[in-house]
> 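One structure, pasted below without further comment.
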Amino acid sequence: MKNLEIARIFNNIADLLEIKGDNPFKIRAYRRAALNLESIAEDLATISARGDLKEIPGIGKDLSQKIEEYLRIGSMSYYEELKREIPENLLDLMAIQGLGPKKAKLFHEALGITTIDELQEMAQSRQLQGLPGIKEKTEENILRGIAFYKQGVGRMTLGYAMAISKRVTDQLREIPGVEQIDSAGSLRRRMETIGDVDILVSSSSPYKVMDTFIHLPEVRQVLGRGTTKSSVLTQEGYQMDIRVVKQDQYGAALAYFTGSKAHNIRIREMAVRKGFKISEYGIFDEKSGDRIAGEKEEDIYRLLGIPFIPPELREDRGEIEAALKGTLPDLIQRKDIKADLHVHSRYSDGAHSIREIAEKAMKMGYEYVAITDHSQSLGIAGGVSIDILIAKIEETEKVNSELSRIRVLCGTEVDIRLDGTLDYPEDILSRLDLVIASVHSGFKRSREEQTERIVRAMRNPHVHIIGHLTGRLLGEREGYEVNLDEVLKASVETGTTLEINAYPQRLDLNDIGCRRAKELGAKVVINTDAHVLHQFDYMDIGVAVARRGWLEKEDVLNTLDVESFLKAIRKK
DNA sequence: GCCGTTTTCGGCCCGACTGTTTTCAGTCG
């Protein structure tokens, strides 16, 4: 699967063209193409074999030929040529805040710099000063940018960003004069990882908001402070920005700061064609310059004559076309969820008893909950032996007889062995209400072997759900490679459901996988994989992934009542 | 380099901030 490789090459080409000072619209074309390739779950080789590359938005005659060339011979001659002209290392320099293509080119041509270390040396010995347009301040900024870059704080998980933004907005909401407050940016779009937390506020007393913000206990360092915009670092070293606007600009500002950039560009292009101009200050009549609207975000979509587009869809991945055609999905909501089906108890590595979990599930408003502990071989996570599993079945029956408002399903998260067989015998699996099968070992297998292994597990008549399909842990390890389309086809064929694991580091299936599942007619469930009670709240994050994957209530089986659910997962 | 219910050629989003400038380039979101 070369999709991401090709996307990366297109992005690199765009960077190289920027350094060359090439046509900005051509550069944008490469970036847009890269962005679109990243969101395609189907193998480009398959699409190419079908002759459909040009159906991909942003891919025309030239780019489709370049993709075909890369698929055929594993390299792209245009890219190789560009790299001969401009050292590839220069692209690293552009990762420094405040250093773009022009300065990268200048430093390379004037001083022969190609690496960040060389640049740091030159800046420290004051050798950048004197170059055209470079004086002391710029040199200092570059050194600061390098220090920040080398500090190397990665991206936050969505779960962390949601939690800290809630704590912060809850505190700021209490300030007199604060009218509205929302998180914006990639957090509002619910991307799986977040670079910095953006918070938007409308208030009649911006000074007070800023003052409170920079003195919050979550703040370690103030990076910048103004009357309408401030930036801080959190205790963990992540950046958090706040912007305060007037109430009548709030909607336009929220749309602007939510993005994505690609979505905003498309929206503004549409606006221009209709004689409007949209900025973060409002919507204006292009001729008269009069302000038409801007207080509500809905105004923008209404004036363009399309339905409101939920933030999770705003990636320019076809949502604008769908809005125009009236085919936007009616996205699943948190309140549609009737159960959490992947929870660990004290029987394996969880912290609570079956009774405690059942009571928590009731508090969550669920109708049922499945307790799915690890299987016997997974010693490290307290895998449950067969004898103990039978005791667990009996305890579950007892809890069910005591509690009337919740149904506890006795399940397992059974390990898929290297050969695709399972870690419990069939007669034991058949006694359980719910069987999730997951891979916890052998991550180095080839894509083909891994796919075959998982598909074999799916063919087992007792397996209802495949847990966290790729095994990735965000910020820690890549998932193993697996042929998603093969798995999804097996899902439809065997009636085995795939899980969206809402554990913040997993989010696996991801948004793109969900969307592909829907396209191929595969159903999913959303589970938290909770090990302690507060982790039941991860359900919000799982629902967010589903929404980014365009899923509707009908696509997600744990929106069903318990009897319909059990019927839906039963295999023929 | 892409794209078209105004166009197959001539368009292609909008504004702020910073630092370096005598009117603007570069960078960012």
Side-chain angles (χ1 to χ4, degrees), chain A residues 10 13-15 17-19 21-36 53-67 78 93-107 128-142 144-145 184-189 195-198 200 223-224 226-231 239 241 243 245 249 252-284 286 289 294 300 304-305 314 316 320-321 324-325:
Chain A
F10 282 175
I13 289 175
D15 285 342
L17 292 174
E18 273 198 309
I19 293 174
D22 212 309
N23 176 1
F25 299 108
K26 179 172 161 182
I27 293 164
R28 211 172 90 187
Y30 273 97
R31 292 211 193 283
R32 176 162 146 78
L35 204 63
N36 287 329
L53 284 177
K54 278 192 265 188
E55 300 300 311
I56 301 168
I59 304 294
K61 183 162 159 282
D62 278 46
L63 293 189
S64 65
Q65 281 175 3
K66 290 189 168 73
I67 294 172
Y78 181 58
L93 297 190
M94 287 165 62
I96 308 288
Q97 278 277 328
L99 203 167
K102 302 294 177 196
K103 289 199 188 90
K105 183 182 187 189
L106 174 68
F107 295 148
L128 303 183
Q129 294 186 35
L131 294 174
I134 310 288
K135 290 168 81 171
E136 204 180 342
K137 271 262 173 66
T138 305
E139 204 169 54
E140 281 169 17
N141 281 341
I142 284 172
R144 228 192 331 267
S186 53
L187 172 54
R188 184 158 180 255
R189 301 201 311 279
D196 49 13
V197 170
D198 289 311
L200 183 70
L223 296 174
T227 49
T228 63
K229 175 179 191 275
S230 294
S231 289
Q239 190 167 333
D241 297 334
R243 293 177 172 89
V245 300
Q249 300 166 339
L254 185 59
Y256 168 68
F257 289 122
T258 298
S260 67
K261 189 172 173 175
H263 176 88
N264 283 351
I265 289 174
R266 294 286 311 279
I267 290 292
R268 288 172 182 199
E269 281 171 355
M270 282 176 73
V272 170
R273 285 197 291 275
K274 286 186 180 283
F276 302 126
K277 187 189 70 162
I278 296 175
S279 77
E280 57 264 51
Y281 299 108
I283 307 160
F284 303 86
E286 201 168 30
I300 292 172
L304 294 179
R314 298 183 198 167
D316 192 22
I320 292 169
E321 289 75 9
L324 284 165
K325 279 190 279 183

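Proteins come first, then strands; the chains are lettered A, B, ... in the order of their sequence lines, and each starts at number 1. All values derive from a computational prediction rather than experimental measurement.
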> On a plain distance test, is the side chain of A/Asn23 in donor-acceptor contact with the base of B/dG1 below 3.5 Å?
yes
> Using heavy atoms and a sub-4.0 Å distance, could you list which residues of residues 255-263 of chain A are near DNA chain B? By number, please.
A/Tyr256, A/Lys261
> Using a cut-off of 4.0 Å on non-hydrogen atoms, how would the nucleic acid contact of A/Asn264 be classed: base, sugar-phosphate, or nothing?
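The answer is nothing, as A/Asn264 stays clear of every strand by at least 4.0 Å.
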> Indicate the ring-plane relationship of A/Tyr30 and A/Phe10, choosing parallel, tilted or perpendicular according to the 30° and 60° boundaries.
perpendicular
> Compare side-chain N and O positions of A/Lys277 against OP1 and OP2 of B/dG15 and report whether any pair is under 4.0 Å apart.
yes
> By nearest atom, which of the nucleotides B/dC13, B/dT18, B/dG15 is closest to the A/Ser279 side chain?
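Of B/dC13, B/dT18, B/dG15, B/dG15 is nearest to the side chain of A/Ser279.
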> Which one, B/dC2, B/dT20, B/dG15, comes nearest to the side chain of A/Tyr281?
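Nearest to the side-chain atoms of A/Tyr281, counting from C-beta on, is B/dG15.
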> Excluding sequence neighbours, so at least two apart, what forms ring-ring contact (aromatic ring centres under 6.0 Å, His included) with A/Phe107?
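Checked A/Phe107 against ring-ring contact (aromatic ring centres under 6.0 Å, His included); zero matches.
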> Taking DNA chain B as the partner, which of residues 96-106 of chain A come within under 4.0 angstrom of it by heavy atom?
A/Ile96, A/Gln97, A/Gly98, A/Leu99, A/Gly100, A/Pro101, A/Lys102, A/Lys103
> In terms of side-chain heavy atoms of A/Thr138, which of B/dT21, B/dG19, B/dG1 is nearest?
B/dG19
> A/Lys54 near the nucleic acid: base, sugar-phosphate alone, or nothing, with a heavy-atom cut-off under 4.0 Å?
nothing
> Which of these nucleotides, B/dG1, B/dC12, B/dC14, is closest to any side-chain atom of A/Lys26?
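Nearest to the side chain of A/Lys26 among the choices is B/dG1.
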> Looking for any heavy atom pair under 4.0 Å, which part of the strands does A/Ile278 touch: base, sugar-phosphate only, or nothing?
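Sugar-phosphate contact only.
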> Tell me what A/Leu63 touches on the nucleic acid: a base, only sugar-phosphate, or nothing, going by heavy atoms under 4.0 Å.
sugar-phosphate
